[in-house]
Amino acid sequence: MARAIWQGQVIAQTDTPLMFDNNVYFPPEALNQAFFSASDHTSLCPWKGTASYYTLSHGGTVSANAAWVYRDPLPKAEAIRDHVAFWRDVTVEG
């Protein structure tokens with residue numbers, strides 16, 4: 001099992017995480033949507049494609065662009081389509 005924890009809250013949990021490019025990716029149904037809002041931020045990876053981001057918020061605390069997702073990945077990254085990974089102040093266990 002993998003869990004993503006932010007501000008002492010479990011924001012994602014799954015029995016089926018994907019390990020890809022040294023990151024743990026969570027399927028979309030594993031997310032606790034109450035913490036997530038879409039961001040306008042994007043980034044480009046030359047072999048995964050364009051990543052879209054989520055901002056996390058809870059109790060007045062915000063972590064901008066703390067999670068990312070590849071909605072239309074390049075062929076080498078197809079396995080992580082629509083799966084979400086975390087960075088910054090999110091701790092991933094498991």
Side-chain angles (χ1 to χ4, degrees):
M1 172 165 311
R3 298 182 336 158
I5 300 169
W6 178 69
Q7 294 293 306
Q9 303 288 318
V10 176
I11 60 171
Q13 182 170 307
T14 184
D15 289 327
T16 57
L18 295 176
M19 187 66 150
F20 193 86
D21 198 26
N22 295 318
N23 291 295
V24 177
Y25 283 82
F26 291 76
E29 63 272 10
L31 306 181
N32 181 340
Q33 293 294 332
F35 293 91
F36 294 78
S37 60
S39 168
D40 291 335
H41 184 72
T42 61
S43 64
L44 179 62
C45 173
W47 67 277
K48 288 183 279 188
T50 300
S52 298
Y53 287 77
Y54 289 108
T55 290
L56 303 174
S57 60
H58 175 71
T61 302
V62 174
S63 183
N65 307 318
W68 70 90
V69 59
Y70 290 91
R71 300 201 187 286
D72 189 23
L74 295 173
K76 290 182 181 179
E78 183 60 36
I80 59 170
R81 177 183 292 273
D82 295 328
H83 284 62
V84 176
F86 300 93
W87 67 324
R88 296 203 171 145
D89 51 354
V90 177
T91 301
V92 176
E93 300 176 343

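Each residue takes its place number in the sequence, starting with 1. Being a predicted model, the structure only gives us computed values, none of them experimental.
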For residues [X] and [Y]: do they belong to one hydrophobic cluster (side chain heavy atoms under 4.5 Å, members Ile, Leu, Val, Met, Phe, Trp, Tyr)?
{"X": "L56", "Y": "W68", "value": "no"}
{"X": "F86", "Y": "I80", "value": "no"}
{"X": "L31", "Y": "Y25", "value": "no"}

For [X], check side chain to side chain donor-acceptor pair (under 3.5 Å) against everything at least two apart and list the hits.
{"X": "Y54", "answer": "R71"}
{"X": "S63", "answer": "D89"}
{"X": "E93", "answer": "R3"}

> Under the side-chain contact (heavy atoms from CB on, under 4.5 Å) criterion, do W87 and N23 qualify, and how do the steps go?
Replying inline: CA-CA 9 Å; W87 67 324; N23 291 295; over 6 Å; no
Write out all pairs satisfying salt bridge (Lys or Arg N to Asp or Glu O under 4.0 Å) with one or both partners inside [range], taking only residues at least two apart or from two chains.
{"range": "residues 24-37", "answer": "none"}
{"range": "residues 59-70", "answer": "none"}
{"range": "residues 55-68", "answer": "none"}

> What heavy-atom pair brings F26 and A4 nearest, and what distance separates the two atoms?
Replying inline: CZ-N, 3.7 Å
> Do you know the tightest heavy-atom contact between Y70 and T50?
Replying inline: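 Y70 and T50 have their closest heavy atoms at CD2-O, 3.4 Å.
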>> Clusters formed by hydrophobic residues whose side-chain heavy atoms approach within less than 4.5 Å: which one holds V10, and what are its other members?
In response: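 V10 clusters with I5.
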>> Once side-chain contact (heavy atoms from CB on, under 4.5 Å) is applied, do any residues pair with L74, and if so which ones, sequence neighbours excluded?
In response: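 Expected list: none.
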> Residues two or more places apart in sequence or in another chain: which of them pass side-chain contact (heavy atoms from CB on, under 4.5 Å) with T61?
Replying inline: W6, Q7
>> Using the salt bridge (charged side-chain N to carboxylate O under 4.0 Å, His left out) criterion, which residues pair with R81? Sequence neighbours excluded.
In response: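 Partners of R81 under the salt bridge (charged side-chain N to carboxylate O under 4.0 Å, His left out) test: D72, E78.
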Side-chain donor-acceptor pairs of residues 15-22 under 3.5 Å, sequence neighbours excluded:
unit_1 : atom_1 : unit_2 : atom_2 : d
T16    : OG1    : T14    : OG1    : 3.1
D21    : OD2    : K48    : NZ     : 2.8

Less than 3.5 Å apart, which donor and acceptor atoms pair up between the side chains of residues 36-43 and the rest of the protein, not counting sequence neighbours?
unit_1 : atom_1 : unit_2 : atom_2 : d
S37    : OG     : T55    : O      : 3.4
S39    : OG     : H41    : N      : 3.0
S39    : OG     : N65    : OD1    : 2.5
S43    : OG     : Y53    : OH     : 2.7

